[in-house]
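The figures here come from the full heavy-atom set of this structure, side chains too, leaving out hydrogens, waters and symmetry mates. Each ligand, and each atom within it, is numbered from 1 in the order the structure gives.
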Amino acid sequence: MANRNVPIPRRQLYIGGEWREPVKKNRIPIINPATEEIIGDIPAATAEDVDIAVEAARKAIARDDWGSTTGAKRAKYLRAIAAKVLEKKSVLATLESLDSGKTLFESAADMDDVAGCFEYYADLAEALDSRRKIPVNLNSDSFKTYVLREPLGVVGLITPWNYPLLMAIWKVAPALAAGCAAILKPSELASITCLELGEICREIGLPSGALNILTGLGPEAGGPLASHPHVDKISFTGSGPTGSKIMTAAAQLVKPVSLELGGKSPIVVFDDIDNLDIAAEWTLFGIFANTGQVCSATSRLIVQESIASAFLDRLLKWTKNIKISDPLEEDCKLGPVVSAGQYEKVLKFISNAKSEGATILYGGKRPQHLKKGYYVQPTIITDVNTSMEIWKEEVFGPVLCVKTFKTEEEAIELANDTKYGLAAAVMSKDVRRCERFTKAFQSGIIWINCSQPTFNQLPWGGKKRSGFGRDLGEWGLENFLNIKQVTEYTSAEPWAFYKSPSKN
Ligand SMILES: NC(=O)C1=CN([C@@H]2O[C@H](COP(=O)(O)OP(=O)(O)OC[C@H]3O[C@@H](n4cnc5c(N)ncnc54)[C@H](O)[C@@H]3O)[C@@H](O)[C@H]2O)C=CC1
Ligand SMILES: C[N+](C)(C)CCCC(=O)O
Ligand code: NA
C-alpha cells in the first residue's frame, strides 16, 4: 500500500503568483471518499477573489514577460512545469487518489498524461511563433494583408472532479501555450492537485498572473467567473445542467464558451469478433475504468443477439475478477465514487432501473467487504428498454446497461438513440462495417475495436447535448487564440471613391 500519510498541504488561493487567503476567509473540507474522513481543507473563493484574480490576469496579459512574449519562451515554462510534475509524480498521484478515490495506478497514469500534455503544448507554443503572422496574397497591388494569431485574453477554466488535474491541464496547457492568462476553478470535490500545480508554478517562476487558481464552490467561485465582464472566454468540462448555466451567464456578455458535457456513449459488439475476451476487456474498461466516472464512458453495451449470452457470460467472468479496494492498495482496479452525493445518485439510478423492470445481472450494491467509503460494485443491467432512465441518463458510475440487436440498422439506431453525442465504439473485424459505423455514429469521438484510449494530438469533444468546441490537439490551442486580419493600403494613388474637393 502506498503511503496514506502523505501530508495534505494547507494552501490558499493562488493569485498573481502568490498564495492569498480568500477575502471572506472561508474554507471547504476535503473528504477522502475511501474512508469518508475529512483530511484537510481548501480555500473557498468568492466574487471578491475572482475580481482580484481577473485583475492579476489582465496585468499578465499586458506585460511583456507573458502576453507579448514568444511561444518559445512560454514553451520553456511549460516544459519546466512538466518536469516538476514528473519529479513530484508519486506524491501528486497519492494526493489525487486520497482526494478523488481514483486508483493509484490510474492517478500515476494521469500524472504522466499531465506532463505529456504540457510537453505537447510546449511544442505547439514553439510552432506558433512561425504561424503567428501569416501573409495572405490577394493578387492586388493596392493592398498588403496578413492574419495574426494572438492570445485571446483572460480565460476562465472551470473543471470537474473525475480527472481533477488532467482535465484542468487539458485547458491550462493550451491556454498558457497561446499566451492567455488563465483563471482555473477546479471542482470543490477534488482540488488538491490543482492547488499543488500552483506551488509548481511558483517554484518554476511562472510569470505572475499567467495562471491563477481559485478553489471554491460552483455558484460562488465559478459563477462570478462565468459572468465577469473582463473574462474573455470560458472553457468548461462538467455536467449538462451546469454547462447550461455557464452558457446562460456568458450569453449576457456574448462571451464565447466551449462546453464538454459528458454522455451516454454506446459500444456496439458484433458477432464476427475473433476473440470474446479481448472485446470483453475493452467493454469493461470502457465503463469501469475510473469507476465509470468518465464523460466518454461507453455505458451502453449494444451486443449482437447471436453472441449475447456467450458475451455476457464472458463479461461476468471478467467483472468478478476486478479487485475492489482502497485505491492505494496494490492492484486495486475499482475504487470508490467521489462523494456521498455521487454514491447516493448511482445507487438511485440502479434502484430506479430495477423498479422500471430491468434486471440487475451483476452488482448493484455496496461490496460486502467494504464497510466504509463510497463503494459501488461494478454493475451490469439487462432487460433494458429504450424508455428507461438507465438507458437515457448519464450515471457517472460503474454501471453498464445492455441491449441486444439483430441487424446493423438496428444497432445504429440504438447507438444514436441518445440526446448525447460524445463518443461511440464499434467492435467488429469487418473493416467496411467499421467505416459505416464511423460515418453513422453521431458523436465527436469514434473508437474502433477499443474504448477510451486518448491522445493529446487528437480533438476531444462532442455534439448534441455533449457540448461543443474541442479540447486537445491543435484545436485545443485555437480555442485560446484570437484571429486578427490586417489590411494595409499600399498604393500611392488616392482611393477616389468621392469626388475630390480640390478638383472643384
Ligand atoms: N462530463 C464530465 O466530465 C462530468 C460530468 N459530471 C456529471 O455531473 C454530475 C454532477 O457533478 P458535479 O460535480 O455537480 O458537476 P458540475 O458540472 O456541477 O461541476 C463541474 C464544475 O463546475 C462548477 N460549477 C458548478 N456550478 C456552477 C455554476 N453555477 N457556475 C459556474 N461553475 C459551476 C463546479 O464547481 C465544478 O468546478 C455528476 O454526477 C456527473 O453525472 C460531473 C463531472 C464531470
Ligand atoms: C479518456 N480519458 C479517460 C483519459 C479521459 C476522459 C476525460 C473525461 O472524462 O472528460
Ligand atoms: Na475529495
Shortest protein heavy-atom distance from atom 4 (C) of ligand 1, along with the residue and atom involved: F396 CZ, 3.2 Å
Distance-only side-chain donor-acceptor flag, T159 / T237, under 3.5 Å: no
Identity and separation of the nearest protein heavy atom to atom 43 (C) of ligand 1: P160 CB, 3.5 Å
Closest protein heavy atom (residue, atom, distance) for atom 3 (O) of ligand 1: C295 CB, 3.4 Å
Atom 8 (O) of ligand 1 [closest protein heavy-atom partner, distance rounded to 0.1 Å]: S239 CB, 2.9 Å
Aromatic ring pairing Y343/Y374, orientation class (parallel under 30°, perpendicular over 60°, tilted between): tilted
Reported CG-to-CG distance for the pair L458 and L472, which is rounded to 0.5 angstrom: 8.0 Å
Mode of L225 contact toward ligand 1 - side chain, backbone, both, neither (heavy atoms, under 4.0 Å): neither
Protein residue, atom and distance nearest to atom 30 (N) of ligand 1, heavy-atom basis: G223 N, 3.5 Å
N or O pair under 3.5 Å between G262 and ligand 1: yes
Any N, O or S atom of W161 closer than 3.0 Å to the Na ion (ligand 3): no
Salt-bridge criterion met for R79 and D123 (N-O under 4.0 Å): yes
Under 4.0 Å to a heavy atom of E260 - the qualifying atoms of ligand 2, by number: 10 (O)
side-chain contact (heavy atoms from CB on, under 4.5 Å) assessment of Y375 paired with S325: CA-CA 9 Å; Y375 292 94; S325 71; 5.9 Å; no
Heteroatom distance test (V294, ligand 2): nitrogen or oxygen, under 3.5 angstrom: no
Ionic contact status for E196 with R11, cut-off 4.0 Å: yes
For atom 37 (O) of ligand 1, the option (of T159, T248, L217) bearing the nearest heavy atom: T159
Centroid-centroid under 6.0 Å between F480 and Y121 rings: no
Salt-bridge criterion met for K84 and E87 (N-O under 4.0 Å): yes
Which of the ligand 2 atoms, numbered from 1, are nearer than 4.0 Å to a heavy atom of M167: 7 (C), 8 (C), 10 (O)
Atoms of ligand 2 close to Q452 [distance to a heavy atom under 4.0 angstrom, numbered from 1]: 1 (C)
For atom 23 (C) of ligand 1, the protein heavy atom that lies nearest, with its residue and separation: I158 CG2, 3.7 Å
Identity and distance of the protein heavy atom lying nearest atom 8 (C) of ligand 2: C295 SG, 2.7 Å
Heavy atom of the protein closest to atom 20 (C) of ligand 1 (residue, atom name, distance): F236 CE1, 3.8 Å
Residue N162 vicinity, atoms of ligand 2 by number, heavy atom under 4.0 Å: 8 (C), 9 (O)
Mutual orientation of the aromatic rings belonging to W282 and F285 [parallel < 30°, tilted 30-60°, perpendicular > 60°]: perpendicular
For L261, atoms of ligand 1 separated by under 4.0 Å from a heavy atom: 1 (N)
cation_pi(K345, F396) dist<6.0 Å, angle<=45: no
Per-residue contact class, P186 against ligand 1 - non-hydrogen pairs under 4.0 Å: backbone
D232 and K255 ion-paired at < 4.0 Å: no
Donor-acceptor pair between N456 and W170 side chains, under 3.5 angstrom: no
Angle in degrees, rounded to 10°, that O of L189 and OD1 of D99 form at the Na ion (ligand 3): 90°
Ligand 1 contact on K345 by region, counting heavy-atom pairs under 4.0 Å: side chain
Structural part of Q342 in contact with ligand 1, heavy atom criterion under 4.0 angstrom: side chain
Test: K264 and E393 ion pair at under 4.0 Å: no
Donor-acceptor contact present, side-chain T242 to main-chain G238, <3.5 Å: no
Heavy-atom protein contact below 4.0 Å for atom 16 (P) of ligand 1: yes
Ionic contact status for E199 with R202, cut-off 4.0 Å: yes
T242, any N or O under 3.5 Å of ligand 1 N or O: yes
salt_bridge(E478, R470) N-O dist < 4.0 Å: no
Check ion pair K24-E21 (N to O, under 4.0 angstrom): no
Ligand 2 contacted by Q293 (non-hydrogen, < 4.0 Å): no
N or O contact, E188 vs ligand 1, cut-off under 3.5 Å: yes
Nitrogen or oxygen atoms of S296 and ligand 2 under 3.5 Å apart: no
Per-atom contacts, ligand 1 versus G222 - under 4.0 Å to a heavy atom: 30 (N), 31 (C), 32 (N)
Taking atom 3 (C) of ligand 2 as the reference point, the nearest protein heavy atom with its distance: Y163 OH, 3.0 Å
Polar contact flag, side-chain donor to acceptor under 3.5 angstrom, S265-T298: no
Atom 4 (C) of ligand 2: nearest protein contact (heavy atom, Å): T454 OG1, 3.9 Å
Under 3.5 Å: N/O of G238 near N/O of ligand 1: yes
Nearest neighbour in protein (non-hydrogen) for atom 11 (O) of ligand 1: W161 NE1, 3.6 Å
